[in-house]
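Worksheet: one structure, shown below.
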Amino acid sequence: MARPLPLILAQAPGRPADDLAGFATDVERRVKLRAPGALVVYPELHLGESAPGVPAAPEKGAEPLDGKRDAAFAELAGDLGIWLVPGSVYERGTGDRVHNTTPVYSPRGERLAAYRKICPWRPYETTTPGNRFEVVDLAGVGRIGLSICYDTWFPEISRHLAWMGAELIVNVVRTSTSDRAQEVVLSRANAITNQVFVASVNSAAPSGIGRSLVIDPQGTVRAETVDAGDSTLTDVIDLDEVSNVRRYGTAGLNRIWDQFRPGDPALELPLYGGRIDPATWNAAHTTEEPPR
């Protein structure tokens with residue numbers, strides 16, 4: 001049975017952190033006349049600019065996760081009946097720590113999760129790294145995994161999200177530099193090597209250079225924007241395609257999650273101080289609790 005998920009990816013320029021009214025109007029504009037129950041995604045630090053195209057200092061735009069911004073996001077998702085990923089925001093943590101954090105809200109107006117960026121783009125980004133992977137169950141639909149921009153360069157992050165049962169990895173991006181071409185390749189590679197959908201949503205000019213796209217579990221680009229302009233990329237993906245590709249193989253051949261079997265020797269991974277254990281290799285099903 002198909003499990004369709006409508007996607008609305010907002011390739012939008014950034015706006016000031018306190019412009020919650022403008023953000024709500026923009027979301028309503030993009031959602032209008034679209035399918036109910038859509039997953040609406042904005043770019044990294046969409047609400048976090050000090051001037052057009054200029055990100056604010058983390059300590060300037062940061063507020064606790066349970067602040068007025070959080071309440072506004074939750075209310076908006078509930079009013080519109082959508083799954084909302086409002087990009088990422090500066091979150092004020094304990095002490096003087098500031099995190100680059102992506103929250104997720106349900107059509108019932110509840111915050112379901114918040115992911116702190118594990119790999120800030122150093123030395124340029126000064127936020128405190130997160131220390132855990134985050135997947136979110138969209139009730140009645142499936143499970144998504146969260147990553148932020150530079151995270152996509154680290155295959156361990158996408159691999160863990162897929163292992164935890166993510167069928168779609170949502171990567172929110174704010175890239176204005178020439179390496180967006182490489183990010184597109186990496187997003188396709190992460191989709192292929194983990195047999196998952198990937199949605200990579202970059203900012204529009206002047207905050208970013210666009211090239212937002214949706215990739216299927218075989219690495220095929222399903223939809224993409226044509227330039228760096230403000231645009232809305234839409235698609236409807238069937239999350240059952242993930243299980244189909246894993247069952248029959250990428251290109252009808254490669255079943256990567258069946259590579260290791262009970263009785264195979266464990267593979268030591270000195271880089272991580274750990275190992276690949278055949279007993280724990282297989283990805284979780286979405287009806288299971290995500291492994292921790």
Among the clusters formed by ILVMFWY side chains lying less than 4.5 Å apart, do [X] and [Y] turn up in the same one?
| X | Y | answer |
| --- | --- | --- |
| Leu65 | Val136 | no |
| Trp163 | Ile192 | no |
| Val173 | Ile169 | no |
| Leu269 | Phe133 | yes |
| Val221 | Leu168 | yes |

Give me the atom names and distance for the closest heavy-atom approach of [X] to [Y].
| X | Y | answer |
| --- | --- | --- |
| Ser207 | Ser176 | O-CB, 3.8 Å |
| Leu213 | Leu9 | O-CD1, 4.3 Å |
| Asn171 | Cys149 | ND2-N, 3.1 Å |
| Leu5 | Gly37 | CD1-O, 4.3 Å |
| Ala191 | Ile215 | CB-CG2, 3.7 Å |
| Ala205 | Pro13 | O-CB, 3.6 Å |

Residue list, salt bridge (Lys or Arg N to Asp or Glu O under 4.0 Å) with Asp96, at least two apart or on another chain:
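Not a single residue meets the salt bridge (Lys or Arg N to Asp or Glu O under 4.0 Å) criterion with Asp96.
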Could you give the distance from [atom1] ([X]) to [atom2] ([Y]), rounded to the nearest 0.5 Å?
| X | Y | atom1 | atom2 | value |
| --- | --- | --- | --- | --- |
| Cys119 | Glu156 | SG | CD | 8.0 Å |
| Thr193 | Leu186 | OG1 | CG | 10.0 Å |
| Leu233 | Leu7 | CG | CG | 8.5 Å |
| Arg92 | Thr128 | CZ | OG1 | 11.0 Å |
| Arg122 | Tyr150 | CZ | OH | 10.5 Å |
| Tyr115 | Ser88 | OH | OG | 10.5 Å |

Does NZ or CZ of Arg159 fall inside the cone over Trp257's six-membered ring, less than 6.0 Å from its centre and within 45° of the axis?
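Output yes; distance and angle both within limits.
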Does any non-hydrogen side-chain atom of [Y] lie less than 4.5 Å from one of [X]?
| X | Y | value |
| --- | --- | --- |
| Pro262 | Pro278 | no |
| Glu241 | Phe197 | yes |
| Gln195 | Val245 | yes |
| Asp26 | Arg15 | yes |
| Thr126 | Pro58 | yes |
| Leu112 | Trp83 | yes |
| Asp179 | Trp153 | yes |

Is there a salt bridge (charged side-chain N to carboxylate O under 4.0 Å, His left out) between Arg116 and Glu91 once you walk through the steps?
CA-CA 9 Å; Arg116 292 170 171 172; Glu91 174 204 352; 2.8 Å; yes
[X]/[Y] ion pair, N-O < 4.0 Å:
| X | Y | answer |
| --- | --- | --- |
| Arg246 | Asp258 | no |
| Asp151 | Lys117 | no |
| Glu167 | Arg3 | yes |
| Asp216 | Arg222 | no |

Single hit among Thr250, Asn244, Val242 for side-chain contact (heavy atoms from CB on, under 4.5 Å) with Pro217:
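Of Thr250, Asn244, Val242, side-chain contact (heavy atoms from CB on, under 4.5 Å) with Pro217 is met by Val242 alone.
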Is a side-chain donor or acceptor of Asp277 paired with a backbone partner of Ala279 at a separation under 3.5 angstrom?
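Indeed, once roles are kept as given, a pair shorter than 3.5 Å links the two residues.
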Within the 3.5 Å criterion, strictly below it, is a donor on [X] or [Y] matched to an acceptor on the partner's side chain?
| X | Y | value |
| --- | --- | --- |
| Arg180 | Ser200 | yes |
| Asn202 | Ser212 | no |
| Thr225 | Gln11 | yes |
| Thr175 | Glu183 | yes |
| Ser203 | Arg174 | no |
| Ser158 | Asn194 | no |
| Glu44 | Asn100 | yes |
| Asn190 | Thr152 | yes |

Dump the intermediate steps for side chain to side chain contact (heavy atoms under 4.5 Å, CB included) on Val135 and Ile144, then the final yes or no.
CA-CA 6 Å; Val135 294; Ile144 67 172; over 6 Å; no
Between Arg211 and Asp227, is the salt bridge (charged side-chain N to carboxylate O under 4.0 Å, His left out) condition met? List the steps.
CA-CA 6 Å; Arg211 292 200 70 183; Asp227 55 31; over 6 Å; no
Cluster companions of Phe23 among Ile, Leu, Val, Met, Phe, Trp, Tyr (side-chain spacing under 4.5 Å)
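When side chains under 4.5 Å apart are linked, the cluster holding Phe23 also contains Ile8, Leu20, Val27, Val31, Val40, Tyr42, Leu47, Phe73, Leu76, Leu80, Ile82, Leu84, Val89, Tyr105.
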Between Arg30 and Asp230, does the salt bridge (charged side-chain N to carboxylate O under 4.0 Å, His left out) criterion hold? Intermediate values first, please.
CA-CA 11 Å; Arg30 295 177 197 271; Asp230 187 336; 2.7 Å; yes
Over 12 non-hydrogen atoms of neighbours within 6.0 angstrom of [atom1] in [X]:
| X | atom1 | result |
| --- | --- | --- |
| Arg255 | CZ | yes |
| Arg261 | CZ | no |
| Glu59 | CD | yes |

Steps toward salt bridge (charged side-chain N to carboxylate O under 4.0 Å, His left out) verdict (Asp137, Arg143):
CA-CA 4 Å; Asp137 284 325; Arg143 182 173 293 168; 2.7 Å; yes
